[in-house]
Peer 1: 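The following block contains the structure, expressed as structure tokens.
Throughout, a chain's letter reflects where its sequence line sits, starting with A, and its residues are numbered from 1.
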Amino acid sequence: MESSPEREPPATVEGGDAGSDAGSADSQNVDVLISDEVAALQELALRGSWRTIIEKVSQARSFSLLRYPHEHLVYLTFNAIALTKLRRFTEAMEDIESSVENLDSPSYRYEAFPNIYPNRKGSMVPFSLRWIHALLPTFLKSPDSLDRLYLLLNFVRSRIDAEKDDDSSSRGRVWRRREELVIGTIISIHSSQKEFGVCLNLLRYLLNRDRHNPYLLSKLGYVQLQFGDLDEARISFNLAEKLILEKKESSVEDLNLVGRNKALLYMVGKDYVSSIREYDQCIERDASDAVAINNKALCLMYLRDLTDSIKVLENSLERVPTAALNEMLVVNLCSILFNSSIFLLTLYDYYNEHFHGIQRISDCGICGVEYAKF
Amino acid sequence: MSGNVGGGGAGGGSHSLAFRVMRLCRPSLHVETPLKFDPADLLVGEDLFDDPTAADRLPSLLSSLSHSSDSSSPDLNFRSRFLLPDPSDATGLSGLLVLPQSFGAIYLGETFCSYISINNSSSFEVRDVVIKAEIQTERQRVLLLDTTKTPVETIRAGGRYDFIVEHDVKELGAHTLVCTALYNDGDGERKYLPQFFKFIVANPISVRTKVRVVKDLTFLEACIENHTKANLFMDQVEFQPAQHWRATVLAADKHHAENKLSSDAEIFKPPILIRSGGGIHNFLYLLKSFSQESKQTRIEGSNILGKLQITWRTNLGEPGRLQTQQILGSLYYSVLFANSVPTRCQKAGMPSYRHTGFLCKVSGEGLNKEDALEYSDRLHLGTIISHFAPHIIPKPWPVPRKEIDLQVVKIPQVIVLHKPFEVQLSLANQTDRTLGPFEIWFSGDANGERAFMVNGLQTMALPEVRAFSSSDLNMNLIATKVGVQKITGITVFDSVEKKTYEPLPELEIFVDSD
């Protein structure tokens, strides 16, 4: 690879301060902390180029291209994320465990490198590294994730209490957002284990702090729907709708949330026609609303309209493949196709994020229905 | 993977048609933790926002980095699969629905719903298709679909005819969904295709009830146990009382709900969710009889209390409904008394009221000693009783008639821990000869579990009791444990005949703390 320059070139946007030497970094110069290389990794992630990320990290490590201690951690985090996205969970876990023994070690603090980071204090660990380390056991079918996540929650809460910051400070906002992130992750695991009582309590905690959040209220409604409390789910959805309609300006996302929730209630009442009508409005507002597309297809199925159901799903995979490429949507499609006796030849690598366009494979010619390999 | 059930029993020869059956219960909401990130958690150290200057500049820096420079079709960039829009998305609850992935278990009280597809896999058209679908059980056949009157004219090569059937499951055990098609195949031959899809219906819940009577109040405790593989949300559990009875449900939680802030109560009512595979929930009802007569008389033989009607729900409100059989009260008694002296009684559900000189017969149905002993473990009932009538607990009628009988005449309303209290007993001689003198003591406490002590002489003496008469004695006791406790082991020894009796196996008391 090219040799790295002595001077840190200026990173993006903020004009003014040019980059300084590694040796005498201006502590106020934030640009040092988001180098071009790191920005490049971000760009690759935005494109879903996980394999490239893994290559870059591997090269950077082999050729010792990383200059700053904090960069090692950022690269490690990207590597773990890329491996996880490619479902290489064991490798991701091994990489983290072999690279860092203890994330709370003083060697991961700016104070350990006063030459490089004068006047900077605190931990240089990217928070996502902690998060993914806590989440990985779930993918490895180990029950450790919940323990790690609850410990992580304690960690986050200790950072909030420590300095009595309120929501107006950006520091306070950042840590509160992280608290919500960790609680949300905990809810997802409890939900998948059908532990709905805990989910309700955790959602109540979040709602107590953020009463007017229609998205949180919708999540509450989904949990209530899932275990069958239709009356309470209706109340939750109605509250969410009220909050959104009261807004001066509702985004497409807001309106689609209301529409999808309404459609769910119609579906629960077996009024599939009205449900489809709501979903159609959502799709009109946003053609990439994968949830609306998927759920509309299911309604068609319950209306005995298998053909249209399949059409809706296949069209979405063709028109908006990135949005629609969702494992469960494909699973639903397979269920419906299998039921209609169409012999499936499809092989798909759902987690192959390098999307190079659709190839069509025709089936045995029974019904002339084609479907995609992707 | 799609919940298809393989059918069996296709007729001889090859068929152009085949049935495929997919269970169509309600879908589920999919949960999946999203692998999405906020750049502030990824690109910089977690404590960077401690630095106020950095904190000022980072947000705009991060957001500019997040905007892809890719100007091609918005769908082809993966931003939405990488960036976490809102922390609430981490819950993984997107509202995406998933079809049932397996046939699953079918339970009594549910509705069996199925998508049935008949497919023509031959290269020829089939005509005049008469399709029938019915459910067969041991006891009956239920027709779900019959196109005899309007046969399907044609199903083209590679074509399909679909239908959805529903059936309320009201029987246990083996069920068979029989699908038959009578059709003209490509050669004009009339063919008959039967296919059978078997499934077993199991019992989803079991209901155990206990009845307990305190004075003129009847308590019904119902325990519902969940035998299914899913958590059951108890949508409605209603007790429908029989004629002359009125029921109110007693719920300990009501108190808490009233103390909550109104906005909380708006959103959060704690749901009754019974865990899968053995979870239980108890319901408590207070039943009052409002027949014309006062509490002093009851109607003989009317021991039907009513029925429990249960509606539960699972994913997306999939309902199930069951009703119990008539629940019998344990009371079957005729009592006629003027000055009733409430006496201490023992076994749950079997009251006895002593009238001067006239003891009433009481029998209970369906209860045994174990039930009574279990009762004191139920905190619910123990607490309730303490509010109403701490000193009244039913007792069995001694059958067969015993030679001596020991009854409790008087016991204090309130018994306080570590404070002596007096129990007045009456020993009745039910033979035709004089018995006694007697010695009375409490038999050994081998396990040291006894909840009381005798205050005073450990052995009490009682002089002779003449035929068919009774004699009173007082015992002074001290309670050593709080709550519902038992006084056990009263032993009466006839010192002349050298006979030992245990006429009062146990006595229940309620001890307050001091």
Peer 1: Under a 4.0 Å N-O cut-off, is there an ion pair linking A/R159 with B/D47?
Peer 2: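 Yes, this pair counts.
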Peer 1: If I measure from the heavy atoms of chain A, does B/T314 come under 4.5 Å with its side chain, its backbone, both, or neither?
Peer 2: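 Answer is backbone: N, CA, C or O of B/T314 sit under 4.5 Å from chain A.
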Peer 1: Could you look at A/I81 and say if it's the side chain, the backbone, both or neither that has a heavy atom under 4.5 Å from chain B?
Peer 2: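 Interface part for A/I81: side chain.
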Peer 1: Please classify the contact between A/T307 and chain B as side chain, backbone, both or neither, with a heavy-atom cut-off of under 4.5 Å.
Peer 2: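 Both parts, backbone and side chain.
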Peer 1: Take B/L62 and A/I34, measure what side chain to side chain contact (heavy atoms under 4.5 Å, CB included) needs, and give me the verdict at the end.
Peer 2: CA-CA 9 Å; B/L62 289 171; A/I34 306 182; 4.0 Å; yes
Peer 1: Using the side chain to side chain contact (heavy atoms under 4.5 Å, CB included) rule, take A/L135 and B/T33 through it: C-alpha gap first, then chi angles, then the decisive distance, then the call.
Peer 2: CA-CA 9 Å; A/L135 190 58; B/T33 319; 4.0 Å; yes
Peer 1: Which pair of heavy atoms, one from B/Y115 and one from A/R304, lies closest together, and at what distance?
Peer 2: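 Minimum heavy-atom contact is OH-O, 3.4 Å.
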Peer 1: Heavy-atom pairs under 4.5 Å with chain B: which of A/I187, A/L225, A/N261 has the most?
Peer 2: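 Of the candidates given, the most pairs with chain B belong to A/L225.
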Peer 1: What's the spacing between A/K219 NZ and B/D89 CG if we round to 0.5 Å?
Peer 2: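 A/K219 atom NZ to B/D89 atom CG measures 4.5 Å (nearest 0.5 Å).
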Peer 1: Count the heavy-atom pairs under 4.5 Å between each of B/N315, B/D162, B/L42 and chain A, then report the option with the highest count.
Peer 2: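 Top option by heavy-atom pairs under 4.5 Å: B/L42.
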Peer 1: If every non-hydrogen atom of A/Y215 is compared with every non-hydrogen atom of B/S88, which pair is closest and at what distance?
Peer 2: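 Looks like CB-OG, 3.8 Å.
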Peer 1: How many angstroms lie between atom CG of B/N231 and atom CD of A/E195, to the nearest 0.5 angstrom?
Peer 2: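 Going from the CG atom of B/N231 to the CD atom of A/E195 covers 9.0 Å.
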Peer 1: Is A/L73 close to chain B through its backbone or its side chain, or both, or neither, when contacts mean heavy atoms under 4.5 Å?
Peer 2: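 Looking at A/L73, nothing touches chain B.
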Peer 1: Would you mind checking which part of A/V174 comes under 4.5 Å of any heavy atom in chain B, side chain (CB onward), backbone (N, CA, C, O), both or neither?
Peer 2: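 Contact with chain B: side chain only.
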Peer 1: Compare all side-chain heavy atoms of A/Y222 with those of B/L96 and state whether any distance is below 4.5 angstrom.
Peer 2: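 No; the side chains remain at least 4.5 Å from each other.
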Peer 1: Name the member of B/G92, B/P39, B/P34, B/S94 that forms the most heavy-atom pairs with chain A at distances under 4.5 Å.
Peer 2: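 Of B/G92, B/P39, B/P34, B/S94, B/S94 has the most heavy-atom pairs under 4.5 Å with chain A.
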Peer 1: Calculate, to the nearest 0.5 Å, the distance between atoms CG and OG belonging to B/L84 and A/S128 respectively.
Peer 2: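 It is 9.5 Å, given to the nearest 0.5 Å.
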Peer 1: Looking only at heavy atoms, which two atoms of B/R160 and A/L306 are closest? And how far apart?
Peer 2: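 Closest approach of B/R160 to A/L306, heavy atoms only: NH2-CB, 3.1 Å.
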Peer 1: Which heavy atom of A/M301 sits nearest a heavy atom of B/L99, and at what distance?
Peer 2: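 That would be SD-CD1, 4.1 Å.
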Peer 1: Below 4.5 Å, heavy atoms only, C-beta onward: do B/D41 and A/R177 meet side chain to side chain?
Peer 2: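 Side-chain contact under 4.5 Å: yes.
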Peer 1: Salt bridge check: are A/K121 and B/D50 linked by an N-O gap of less than 4.0 Å?
Peer 2: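 No, this pair does not count.
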Peer 1: For B/E46 and A/R130, run side chain to side chain contact (heavy atoms under 4.5 Å, CB included): C-alpha distance rounded to whole Å, both residues' side-chain angles, the deciding distance at 0.1 Å, then the answer.
Peer 2: CA-CA 10 Å; B/E46 58 199 352; A/R130 294 188 193 269; 2.7 Å; yes
Peer 1: Which one wins on heavy-atom pair count under 4.5 Å against chain B: A/T77, A/V74, A/V125?
Peer 2: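 So the answer, after comparing A/T77, A/V74, A/V125, is A/V125.
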Peer 1: State the CG-CD distance between B/L43 and A/Q42, to the nearest 0.5 angstrom.
Peer 2: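 These two atoms lie 4.5 Å from each other.
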Peer 1: My understanding is that only one of B/L93, B/T91, B/L29 makes a side-chain contact (heavy atoms from CB on, under 4.5 Å) with A/S191; could you say which?
Peer 2: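 Going through B/L93, B/T91, B/L29 one by one, the side-chain contact (heavy atoms from CB on, under 4.5 Å) with A/S191 is satisfied by B/L93 alone.
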Peer 1: Using a 6.0 Å cut-off, check whether atom NZ of B/K36 has over 12 heavy atoms from anything other than its own residue.
Peer 2: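 More than 12 within 6.0 Å, yes.
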Peer 1: With a 4.5 angstrom heavy-atom cut-off, is it the side chain or the backbone of A/Y302 that approaches chain B, or both, or neither?
Peer 2: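 For A/Y302, backbone and side chain are both near chain B.
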Peer 1: What's the shortest heavy-atom distance between A/S188 and B/A90, and which atoms?
Peer 2: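 Heavy atoms only, the tightest pair is CB-O, 3.7 Å.
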Peer 1: Sub-3.5 Å donor-acceptor pair from the side chain of A/K85 to the main-chain atoms of B/L35, do we have one?
Peer 2: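 Looks like yes, one N/O pair under 3.5 Å.
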Peer 1: Going through the checks in order, is the side chain to side chain contact (heavy atoms under 4.5 Å, CB included) test met by A/N119 and B/D51?
Peer 2: CA-CA 10 Å; A/N119 307 324; B/D51 173 2; over 6 Å; no
Peer 1: With rounding to the nearest 0.5 angstrom, report the CG to CG distance, A/L46 to B/L83.
Peer 2: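 These two atoms lie 5.5 Å from each other.
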Peer 1: Please tell me whether A/W131 and B/F37 form a close aromatic pair, meaning their ring centres lie under 6.0 Å apart.
Peer 2: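 Centroid distance A/W131-B/F37: below 6.0 Å, so yes.
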Peer 1: With a 4.5 angstrom heavy-atom cut-off, which part of A/L264 approaches chain B: side chain, backbone, both or neither?
Peer 2: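 Side chain only.
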Peer 1: At what distance, to the nearest 0.5 angstrom, does CZ of B/R275 lie from NZ of A/K194?
Peer 2: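 Atom-to-atom, B/R275:CZ and A/K194:NZ are 15.0 Å apart.
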Peer 1: In terms of heavy-atom pairs under 4.5 Å with chain A, which of B/P85, B/A40, B/S28, B/P27 leads?
Peer 2: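 Highest number of pairs under 4.5 Å: B/P27.
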Peer 1: Does B/V31 reach the side chain of A/Q226, with side-chain heavy atoms less than 4.5 Å apart?
Peer 2: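 They are not in side-chain contact.
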Peer 1: For A/L298, is it the side chain, the backbone, both, or neither that has a heavy atom closer than 4.5 Å to a heavy atom of chain B?
Peer 2: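 Contact with chain B is through the side chain of A/L298 alone.
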Peer 1: Specify the closest pair of heavy atoms between B/F233 and A/F227, including all atoms of both residues, with the distance to one decimal.
Peer 2: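 For B/F233 versus A/F227, the nearest heavy atoms are CB-O, 3.0 Å.
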